[in-house]
Q: 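Encoded as structure tokens, here's the structure I'll be asking about.
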Amino acid sequence: MDAQSARPEDHDHYARLRAAQAESVLGNIALTLASNIFVAVTTTGIIWSSTEDASILSWLALVISLSAARFMVLERIMRLGLHQTRPDAVLKFLTVAALVSGISWMPLPLLFAASDGDYIVFVMAGTATGAIIQSLSYWRSAIAFGAPVMGATLVSMLMESSTVSNYLLALNVALLTLMLFRASVLSERAFVRSQNVAMRTTQLAQSLAVANTEINKSSHRLEHLANTDVLTGLANRAVFNRRMEALFYEGGRERREIALLLIDLDKFKTINDTRGHHAGDTVLKAAATRLAALCASGDLPIRLGGDEFAVILSGRNAAARADDLARRFIDAAAEPVSFGGTEIPIGASIGIACAPDHAADEDELYACADLALYCAKIEGRRRLKLFDGGLKGQLDYQRAIDRDLGAALAQGGLDVHFQPQVDMACGRVTGFEALVRWWHPDIGAISPPDIVSAATKLQLSERLTAYVAECACRFIRTLDRAGHADAVVSINMSPSEFDLYSPALMLGELARRHGINPNRIEVEITEEAILDPQKVETAFFELRRAGFRLAVDDFGMGHSSLAHLISLKIDRLKVDRHFVTGISASAHNQALVAALVSVSRSLDMELVVEGVETAADAETLRMLGCRIGQGWLYGKAMPEAEVLTWLNRHHSRVKAVA
């Protein structure tokens, strides 16, 4: 099989194979030419000594001239690298040159066999064999030289004598020639196979090297992505976790000083809601750039997620350095961020905790810093708060809530109380609001906001809402049996829950199971939820379609637009107690509530006022047009068992007044 038949479809592979053949032939040809000249000279000397025929000298001159010319051309080919760039042309030249050289040896047996025939046969066979052995990679050049030489030798043998022995000798020479030629073809095939294997091995090695390089690059890219926050370029939470673990555990038992800053951007959600997420991203990147610029070498600034950042400091004076960094960042963060030709005011609140003073492990350190941050935010924002002993009780309080809330939900450890809503004109009870209560066996009463906050953090919001809704459904059945089949029960729900599950499906299943008309259940959300109507629109639509009522709680405290209220088709507005308490003595609040009454009537929505505590406030609210009131004047939030007793007393009082 020659190179042509062995050629792969890949042209580059074929070209490299041809180049290898040309290089192999060229590598051996200098020795072949030198051997030919040596044999020609010694043969000429022997023949000249016996015949003194001058023609042998002419033959020698021809052989030497051709060999010298071949050598010079081949040296130029090597110098120019033509065997690499034009291997096919070089191989063709080598074949033609070998043929011409072989023809130049033909006169030797034809003209001088009579003087020493046996010697000449030996010389010719040896010369042809040597040429073939030196051209194992390309049979054409070997046979191009050997065919004329051996052909002339056979002709001279047959011309010399017609004896049987001479014919047999000629036959042996012919067989030798055929074997040599066959060996030349087979050797080229073996050369081609070995080169194919070698080149494929090289290609495989190169491919593996390239693949390994790409894998390393991809690995580095993936590692970078895995460790970097894409938006800000800071380290991410995975790096935070590893660094904290390393600082606490890889240092053995040494007391390494560690300081942790937790940072929240003030009112970032409002920026996102009012300016859009692109503006929010611009603010986050600006804050990250400012934070990184203030950090010293060895400090680790991190974006934990959302608008929450952190910095880990360790080593000598970590606490003092953390305090200095926090103060400088609060000043830097106060600079507005330019966006779309306007300035966006921002700020930052920071909590700091240190180890080993405040914590013995990374989880406790984070909890301490988080509590300090929480205190900084509730104290007015744009503040720095360092964790101290006074916050330890709050931390224990939060830990107890986080630890036991799941079990309390599973075991029925939470209570749901119901506060009545009353028609202030006639005293008729129109409904109740379901309010969650929890008496913890170790720390006492847990405030409802803390319960809701812990449920959100622990991803128990759906379970908590379902728990309250289940109690509300049972309460409605109790009201039905007591003859109050028109009372509505309200449950509170956070708009953040709408992204986690379908409230309509969950409440619908409960209503069907208890055999309750969905119109008896009202879902209350805070006013800030309707700042982003797209977020709640789907959930509101599904709740309305399922038959549930919708209410906006704490109305008047946020920045609702009338367009949003209209598009969401709210059933009731609940006025925040801030406007109600002491309204009988506040002309300002009276004007505000009067405006809210006008808005509710224009939008065909019922108005409920919360926090009604005195008869004077109730009368003022009634005169302003408010119909439904809720507050301690009428009744506190009560367990279900107490509600029926309260209802009987309330109805008795109403009848007595009437």
Q: With the side chain counted from C-beta on, respond yes when Arg622 and Val612 share a heavy-atom pair under 4.5 Å apart, and no when they do not.
A: no

Q: Quick one: pull up CZ in Phe548 and CD1 in Ile521 and give me the separation to the nearest 0.5 Å.
A: 5.0 Å

Q: Using a distance-only test with no angle check, is there a side-chain donor-acceptor pair under 3.5 angstrom linking Asp264 and Ser349?
A: no

Q: Can you tell me if OH on Tyr374 sees more than 12 non-hydrogen neighbours from other groups inside 6.0 Å?
A: no

Q: Would you say CZ of Arg316 has more than 12 non-hydrogen atoms from neighbouring residues, nucleotides or ligands within 6.0 angstrom?
A: no

Q: Indicate the ring-plane relationship of Phe475 and Phe418, choosing parallel, tilted or perpendicular according to the 30° and 60° boundaries.
A: parallel

Q: As an exercise, state the distance from CD1 of Ile302 to OG1 of Thr228, rounded to the nearest 0.5 Å.
A: 11.5 Å

Q: Is the side chain of Gln590 donor-acceptor paired with the backbone N or O of Ile583 at a distance under 3.5 Å, no angle test?
A: yes

Q: If we only count heavy atoms from C-beta on, is the Leu294 to Val311 side-chain gap below 4.5 Å?
A: no

Q: Shortest non-hydrogen contact from Ala355 to Leu365?
A: N-CD1, 3.9 Å

Q: Sub-3.5 Å donor-acceptor pair from the side chain of Ser600 to the main-chain atoms of Val597, do we have one?
A: yes

Q: For Gln630 and Tyr634, run side-chain hydrogen bond (donor to acceptor under 3.5 Å, both in side chains): C-alpha distance rounded to whole Å, both residues' side-chain angles, the deciding distance at 0.1 Å, then the answer.
A: CA-CA 7 Å; Gln630 176 180 340; Tyr634 304 108; over 6 Å; no

Q: Under 6.0 Å from the OH atom of Tyr501, do we count more than 12 heavy atoms belonging to anything else shown?
A: yes

Q: Decide yes or no on side-chain contact (heavy atoms from CB on, under 4.5 Å) for Leu510 and Met506, but give the supporting numbers first.
A: CA-CA 7 Å; Leu510 285 174; Met506 185 268 287; 3.7 Å; yes

Q: Could you check whether any side-chain N or O of His358 sits under 3.5 Å from a backbone N or O of Cys368, counting only pairs where one atom can act as donor and the other as acceptor?
A: no

Q: Taking Arg383 for the side chain and Glu379 for the main chain, is one N or O donor matched with an acceptor at less than 3.5 Å?
A: yes

Q: With no hydrogens and no angle check, is any side-chain donor or acceptor of Glu524 less than 3.5 Å from a backbone partner on Asp553?
A: no

Q: Nearest 0.5 Å please: distance from the CG atom of Leu592 over to the CG atom of Leu624.
A: 10.5 Å

Q: Can you confirm if the aromatic rings of His440 and Tyr397 lie within a centre distance of less than 6.0 Å?
A: no

Q: Is there a side-chain contact between Asp617 and Leu633 in this structure, where contact means two heavy atoms from C-beta onward sitting under 4.5 Å apart?
A: no

Q: Which heavy atom in Ile330 sits nearest to a heavy atom in Arg382, and how many Å separate them?
A: CG2-O, 4.1 Å

Q: Side chains of Asp404 and Trp438: closer than 4.5 Å at any heavy-atom pair?
A: yes

Q: Output yes when a side-chain donor or acceptor of Ser453 lies under 3.5 Å from a complementary backbone atom of Pro449, and no otherwise.
A: no

Q: How far does OG of Ser490 sit from CG of Leu435, to the nearest 0.5 angstrom?
A: 9.5 Å

Q: Where is the tightest heavy-atom contact between Ala310 and Phe240, given as atom of each residue plus distance?
A: CB-CE1, 4.2 Å

Q: Mind checking whether Phe540 and Val523 have side chains closer than 4.5 Å, heavy atoms only?
A: no

Q: So which heavy atom on Pro420 is nearest to which on Lys636, and how close?
A: CD-O, 3.6 Å

Q: Taking 4.0 angstrom as the limit, do Arg577 and Glu610 come out as a salt bridge?
A: no

Q: Run the salt bridge (charged side-chain N to carboxylate O under 4.0 Å, His left out) test on Asp324 and Arg328 for me, step by step, so that the C-alpha distance in whole Å, both residues' side-chain angles and the decisive distance to 0.1 Å come before the verdict.
A: CA-CA 6 Å; Asp324 177 66; Arg328 288 187 291 125; 3.0 Å; yes

Q: Do any N or O atoms from the side chain of Arg544 and from the backbone of Ile570 form a donor-acceptor pair under 3.5 angstrom?
A: no

Q: With a 4.5 Å heavy-atom cut-off, do Leu596 and Val609 have their side chains touching?
A: no

Q: Please determine if Arg512 and Glu509 form a salt bridge, counting it only when a charged side-chain N lies under 4.0 Å from a carboxylate O.
A: yes

Q: More than 12 non-hydrogen atoms from neighbouring residues, nucleotides or ligands closer than 6.0 Å to NZ on Lys457, yes or no?
A: yes

Q: Which is it for Leu284 and Phe309 under the side-chain contact (heavy atoms from CB on, under 4.5 Å) test, yes or no, and what are the steps along the way?
A: CA-CA 10 Å; Leu284 290 173; Phe309 296 84; 4.0 Å; yes

Q: Under a 3.5 Å threshold, yes or no: a donor from one side chain and an acceptor from the other, between Glu343 and Ser338?
A: yes

Q: Verify the neighbour count for atom CG of Asn212: are there more than 12 heavy atoms of other residues, nucleotides or ligands below 6.0 Å?
A: yes

Q: I need the Leu621 CG to Arg627 CZ distance, nearest 0.5 Å.
A: 14.0 Å

Q: Quick one, Leu414 with Ile446, criterion side-chain contact (heavy atoms from CB on, under 4.5 Å). Give me CA distance, side-chain angles, the key distance, then yes/no.
A: CA-CA 10 Å; Leu414 273 65; Ile446 308 297; over 6 Å; no

Q: Is there a donor in the side chain of Asn492 and an acceptor in the side chain of Glu433, or the other way round, less than 3.5 Å apart?
A: yes

Q: Main chain of Leu304, side chain of Glu308: is a donor-acceptor contact present, judged purely on distance under 3.5 Å?
A: no

Q: Look at Asp323 together with Arg327 and state whether they make a salt bridge at an N to O cut-off of under 4.0 Å.
A: yes

Q: Is a side-chain N or O of Thr282 found less than 3.5 angstrom from the main chain of His278, in a donor-acceptor match?
A: yes

Q: With heavy-atom distances below 4.5 Å as the criterion, would you say the side chains of Met605 and Val552 are in contact?
A: no

Q: Can you tell me how far CZ of Arg463 sits from CG of Leu405, rounded to the nearest 0.5 angstrom?
A: 8.0 Å

Q: Could you tell me whether the side chain of Met493 reaches within less than 4.5 Å of the side chain of Leu507, counting heavy atoms only?
A: yes

Q: Please determine whether side-chain hydrogen bond (donor to acceptor under 3.5 Å, both in side chains) holds for the pair Arg275 and Thr342, giving the CA-CA distance in whole Å, both sets of side-chain angles, and the decisive distance to 0.1 Å.
A: CA-CA 11 Å; Arg275 300 291 189 102; Thr342 62; 3.2 Å; yes

Q: Grab the two heavy atoms, one from Ile516 and one from Cys473, that are nearest each other, plus how far apart they are.
A: CD1-O, 3.2 Å

Q: Would you call Glu335-Arg290 a salt bridge at under 4.0 Å N-O?
A: no

Q: Should Leu607 and Ile628 be marked as a side-chain contact (heavy atoms from CB on, under 4.5 Å) after you check the CA-CA gap, both sets of side-chain angles, and the distance that decides it?
A: CA-CA 7 Å; Leu607 198 71; Ile628 307 299; over 6 Å; no

Q: Look at the side chain of Asn236 and the backbone N and O of Val239, then say whether any donor-acceptor pair between them is shorter than 3.5 Å.
A: yes

Q: Say whether Glu362 and Tyr366, considering side chains only, have a donor N or O and an acceptor N or O under 3.5 Å apart.
A: no

Q: What is the minimum heavy-atom distance between Cys354 and Ala319, and which atoms define it?
A: SG-CB, 3.6 Å

